[in-house]
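In what follows, a structure is listed as structure tokens, so that the remarks can point back to it.
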Protein chains: 2
Amino acid sequence: MDREAKQRYAEEFGLLYSTLGMPPAYGKLLGWLMICDPPDQTSTELARALQLSKGSVSTGMRMLEGAKLARRVTRPGQRGHAYEVLPDALITGTMNGKAIWGALSVLMAKGVELIGDEDAPEARRVRIARDFFAFIAERVPDLIEEFKRDNGL
Amino acid sequence: MDREAKQRYAEEFGLLYSTLGMPPAYGKLLGWLMICDPPDQTSTELARALQLSKGSVSTGMRMLEGAKLARRVTRPGQRGHAYEVLPDALITGTMNGKAIWGALSVLMAKGVELIGDEDAPEARRVRIARDFFAFIAERVPDLIEEFKRDNGL
DNA sequence: TCGAACGTTCAGAATCTACTGAACATTCAA
DNA sequence: TTGAATGTTCAGTAGATTCTGAACGTTCGA
């Protein structure tokens, strides 16, 4: 019910995620899967709901699977498969994003090396960045653990 | 010294930041400002070092200023102004990124509303996402505080 | 074995974005 | 006041990205 409102929601979802670097079509798929009824949807259903080509759905869902954001499920007595979001999809997505903090820290460490003397005043700007990203990279897993514990996951 | 290595570093920096949604040229500017000597650079110097047009430098630096990543400085007895990265630039950048967590949480809350019954099993997927992003949005400032305290900032 | 439904891949079209460079504005030394 | 140096804006373009759709598997019921 109120299919149109849900379609609009998927569009909005795709828009926000596109600002985070995800292709709009894939964001729409994810958004739809967060609120659709039933929660598992076939490629054909997804293509119809979001007005996307079969190709986009196929490629998009492959990508969401790869990012551990969605998974295939099979319904008994039915051809092919359907997709659903993983229950803790967005958490997982954020954990993968954790790799970013490490990469940033490594990049900043390289910058410190380029300047040469770690203790030089002109190394300060990039040294602080290096330490900060390393700190964040280290703490993110703890945060996620804490959330999971407090929410019984 | 080793100007070329620093130029390559700026390129690499821009490349990584472009995966985070920043235009490559602006990432290059930021990367160069993290390691350049002297640490403050005029538009002309930036354009020369990074082979960018005056227009790109102007627009890019305006954007970095807006994001509180860089600021203008004036050298006595010199035309115009130069730019430098703020000492805690990347930390600030991350704090601004905090707004994202809030936006995501709001988006998920909208999804819960669309489903209607917050306690329904099919609302679980988006309810968890809502709570998770709210949790992260709330904790990020504390993390930053802790880092600053431990590093005398 | 056949055909219908479903899924995948990828070349090319459609679309969007970043960047340049030219026109214009501003600043300041002489 | 003049003009050289510098800074800004923005229309247009070059280039990259996303999306489609057609060609080609694959699966499975009959």
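Side chains included, hydrogens not; waters and symmetry mates left out as well; all remaining heavy atoms used. Just so you know, these numbers come straight off a predicted model, no measurement behind them. Letters go in sequence order (proteins before strands), and every chain restarts at 1.
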Choose from [options] the nucleotide whose nearest atom is closest to any side-chain atom of [X].
{"X": "Thr59(B)", "options": "dT18(D), dC10(D), dA18(C)", "value": "dC10(D)"}
{"X": "Ser58(A)", "options": "dT9(C), dT20(D), dT18(D)", "value": "dT9(C)"}
{"X": "Pro23(B)", "options": "dT8(C), dC19(D), dC19(C)", "value": "dC19(C)"}
{"X": "Thr44(A)", "options": "dT20(D), dG7(D), dG7(C)", "value": "dG7(C)"}
{"X": "Ser53(A)", "options": "dG21(D), dT18(D), dA18(C)", "value": "dG21(D)"}

Could you check whether Glu84(A) pairs with Arg125(B) (Lys NZ or Arg NE/NH1/NH2 to Asp/Glu carboxylate O, under 4.0 Å)?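 Between Arg125(B) and Glu84(A) there is no salt bridge, as every charged N stays at least 4.0 Å from the carboxylate O atoms.
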In whole Å, what is the span from the [atom1] atom of [X] to the [atom2] atom of [N]?
{"X": "Leu29(A)", "N": "dC19(D)", "atom1": "CG", "atom2": "C1'", "answer": "12 Å"}
{"X": "Arg72(A)", "N": "dG7(C)", "atom1": "CZ", "atom2": "P", "answer": "9 Å"}
{"X": "Leu46(B)", "N": "dG7(D)", "atom1": "CG", "atom2": "C1'", "answer": "13 Å"}
{"X": "Arg62(B)", "N": "dT9(D)", "atom1": "CZ", "atom2": "C1'", "answer": "9 Å"}
{"X": "Leu64(B)", "N": "dA18(C)", "atom1": "CG", "atom2": "P", "answer": "14 Å"}
{"X": "Met61(A)", "N": "dC6(C)", "atom1": "CE", "atom2": "P", "answer": "17 Å"}
{"X": "Leu52(A)", "N": "dT8(C)", "atom1": "CG", "atom2": "P", "answer": "15 Å"}
{"X": "Met63(A)", "N": "dG7(C)", "atom1": "CE", "atom2": "P", "answer": "20 Å"}

Ser43(A) near the nucleic acid: base, sugar-phosphate alone, or nothing, with a heavy-atom cut-off under 4.0 Å?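 Sugar-phosphate, no base atom in range.
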Mind checking if Gln51(A) touches a base, just sugar-phosphate, or nothing, with heavy atoms under 4.0 Å?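 Result for Gln51(A) = sugar-phosphate.
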Does any N or O in the side chain of Ser105(A) come within less than 3.5 Å of the main-chain N or O of Gly102(A), such that one atom is a donor and the other an acceptor?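 Not at all, since once roles are kept as given, no pair shorter than 3.5 Å links the two residues.
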Any chain of hydrophobic side-chain contacts (each under 4.5 Å) joining Leu69(A) to Leu153(A)?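 Yes, one cluster joins them.
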Tell me whether Leu114(B) shares a hydrophobic cluster with Leu30(A), the cluster being built from Ile, Leu, Val, Met, Phe, Trp, Tyr side chains joined at under 4.5 Å.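 In one cluster: yes.
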Determine the interplanar angle of the Trp101(B) and Phe133(B) rings, folded into 0 to 90°, and report it as parallel if under 30°, tilted if 30 to 60°, perpendicular if over 60°.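 Correct class here is parallel.
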Pick the closest DNA chain D nucleotide for Met22(A) and for Lys54(A) by heavy atoms, then say which residue is nearer the 5' end.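 Result: Met22(A).
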